[in-house]
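Only one structure is covered here, and it is reproduced in the block below.
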Amino acid sequence: HKNPFSFKHPSYCLLKYETSNSSWFDLKFVDFNGTLHMSYKQIDKNLNKYTEESRDLAYKHAQKAEAITEQRFVNDSLKVYGMVYTFEGATATPLQFYLSDSASHFVRGALYFNTALNDSIKPISNFIKDDVYQLVESWQWKDL
């Protein structure tokens with residue numbers, strides 16, 4: 001796939017692109033019944049629209065979450081900027097994020113498990129959250 005980005009992901013994951021739309025792709029944590037759903041969009045003077053949509057989608061989980069943490073992500077040398085949302089409690093998602101170069105590229109990710117989030121899945125969720133943080137930290141735009 002010819003995408004304008006690259007990133008590192010764990011070898012135990014399966015990267016799967018939607019056949020109908022290559023800007024939608026999943027990182028499947030097969031052994032853990034989880035999926036990081038990702039989507040890429042070109043920015044055309046609409047970065048604010050995308051960041052607000054991402055925030056709205058994240059805060060849809062506010063009713064179930066015990067806490068939501070926003071962590072700004074900045075890597076000036078690679079022009080990668082974004083926000084990581086982490087959720088505590090019985091939410092459908094433990095983590096969501098978006099990344100952008102602020103000019104041309106925007107990507108959003110949301111981690112979901114195919115089981116209810118509860119205390120028994122929490123260690124797995126935390127383990128995978130760490131891997132998603134590493135993915136965010138490794139993100140690069142190819143055309144910069």
Side-chain angles (χ1 to χ4, degrees), residues 1-10 12-30 32-118 121-144:
H1 284 271
K2 293 271 186 201
N3 283 317
F5 53 80
S6 66
F7 59 90
K8 293 179 182 161
H9 61 83
Y12 67 88
C13 294
L14 183 65
L15 184 60
K16 187 172 187 316
Y17 285 86
E18 292 291 321
T19 51
S20 61
N21 184 348
S22 66
S23 61
W24 290 75
F25 53 102
D26 291 334
L27 198 56
K28 296 196 173 281
F29 298 87
V30 178
F32 304 108
N33 215 7
T35 303
L36 180 64
H37 299 284
M38 299 180 67
S39 59
Y40 167 79
K41 296 176 181 179
Q42 286 278 158
I43 296 174
D44 183 19
K45 299 179 185 140
N46 54 356
L47 174 62
N48 198 45
K49 175 184 173 228
Y50 292 153
T51 59
E52 286 304 310
E53 278 178 5
S54 292
R55 182 174 162 65
D56 289 348
L57 287 166
Y59 275 86
K60 276 187 177 178
H61 300 277
Q63 294 159 332
K64 296 231 184 211
E66 293 167 19
I68 299 176
T69 304
E70 293 184 11
Q71 183 180 353
R72 188 166 300 285
F73 181 81
V74 176
N75 184 333
D76 283 322
S77 64
L78 296 175
K79 291 188 164 70
V80 180
Y81 311 99
M83 185 74 72
V84 178
Y85 301 95
T86 52
F87 306 86
E88 294 298 324
T91 59
T93 175
L95 183 145
Q96 295 186 15
F97 68 88
Y98 68 80
L99 299 171
S100 177
D101 67 350
S102 299
S104 306
H105 306 296
F106 185 89
V107 69
R108 180 175 181 281
L111 177 62
Y112 286 92
F113 288 96
N114 296 332
T115 56
L117 278 184
N118 54 41
I121 200 171
K122 195 167 184 175
I124 293 167
S125 173
N126 289 339
F127 173 76
I128 291 177
K129 276 199 263 190
D130 287 345
D131 283 340
V132 175
Y133 279 121
Q134 289 177 12
L135 176 154
V136 167
E137 289 171 357
S138 73
W139 198 272
Q140 294 185 40
W141 306 111
K142 290 181 180 174
D143 58 354
L144 297 178

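Predicted model only: the values in this text are computed from it and were never measured. When a residue number appears, it is its place in the shown sequence, counting from 1.
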Checklist line | Geometric class of the F7/F25 ring pair [parallel <30°, tilted 30-60°, perpendicular >60°] | finding: parallel

Next item on the list: Take the angle between the ring planes of Y40 and W141 and call it parallel below 30°, perpendicular above 60°, tilted in between.
Entry: tilted

Rounded distance [0.5 Å steps], [atom1] in [X] versus [atom2] in [Y]:
X	Y	atom1	atom2	answer
L14	H9	CG	NE2	9.0 Å
K28	N114	NZ	CG	7.5 Å
D44	K49	CG	NZ	10.5 Å
H105	S100	NE2	OG	8.5 Å

List the atom of [X], the atom of [Y], and the distance in Å for their closest heavy-atom pair.
X	Y	value
I68	Y85	CG2-CD2, 4.5 Å
K142	F5	CE-O, 3.1 Å
K64	T91	C-CG2, 3.8 Å
Q96	L57	OE1-C, 3.9 Å
S125	F113	CA-CZ, 3.8 Å
V132	F29	CG2-CZ, 4.3 Å

Checklist line | L36 vs F97, side-chain contact (heavy atoms from CB on, under 4.5 Å): CA-CA, chis, key distance, verdict | finding: CA-CA 10 Å; L36 180 64; F97 68 88; 4.0 Å; yes

Notebook entry, point to check: Can any side-chain N or O of S104 pair as donor or acceptor with the backbone N or O of I43 at less than 3.5 Å?
Noted result: no

Note to self: Main chain of L111, side chain of T93: is a donor-acceptor contact present, judged purely on distance under 3.5 Å?
What the structure shows: yes

Next item on the list: Might you work through the side-chain contact (heavy atoms from CB on, under 4.5 Å) test for F32 and F127, ending with a clear yes or no?
Entry: CA-CA 10 Å; F32 304 108; F127 173 76; 4.1 Å; yes

Check: Can the ring centroids of F106 and Y98 be said to lie less than 6.0 angstrom from one another?
Finding: yes

Next item on the list: Check whether any side-chain heavy atom of M83 lies under 4.5 Å from a side-chain heavy atom of T51, and answer yes or no.
Entry: no

Check: Under 4.5 Å between any side-chain heavy atoms of Q140 and K8, yes or no?
Finding: no

Item checked: Residue pair E53, R108: steps toward the side-chain contact (heavy atoms from CB on, under 4.5 Å) verdict -> CA-CA 10 Å; E53 278 178 5; R108 180 175 181 281; over 6 Å; no

Next item on the list: Dump the intermediate steps for side-chain contact (heavy atoms from CB on, under 4.5 Å) on L27 and L135, then the final yes or no.
Entry: CA-CA 11 Å; L27 198 56; L135 176 154; 3.6 Å; yes

Item checked: Flag if over 12 foreign heavy atoms under 6.0 Å of CD, Q63 -> no

Next item on the list: Run through N75, D76, D101 and flag the one making a side chain to side chain donor-acceptor pair (under 3.5 Å) with Y81.
Entry: D76

Next item on the list: Using side chain to side chain donor-acceptor pair (under 3.5 Å) as the criterion, list what pairs up with Y133, not counting sequence neighbours.
Entry: none

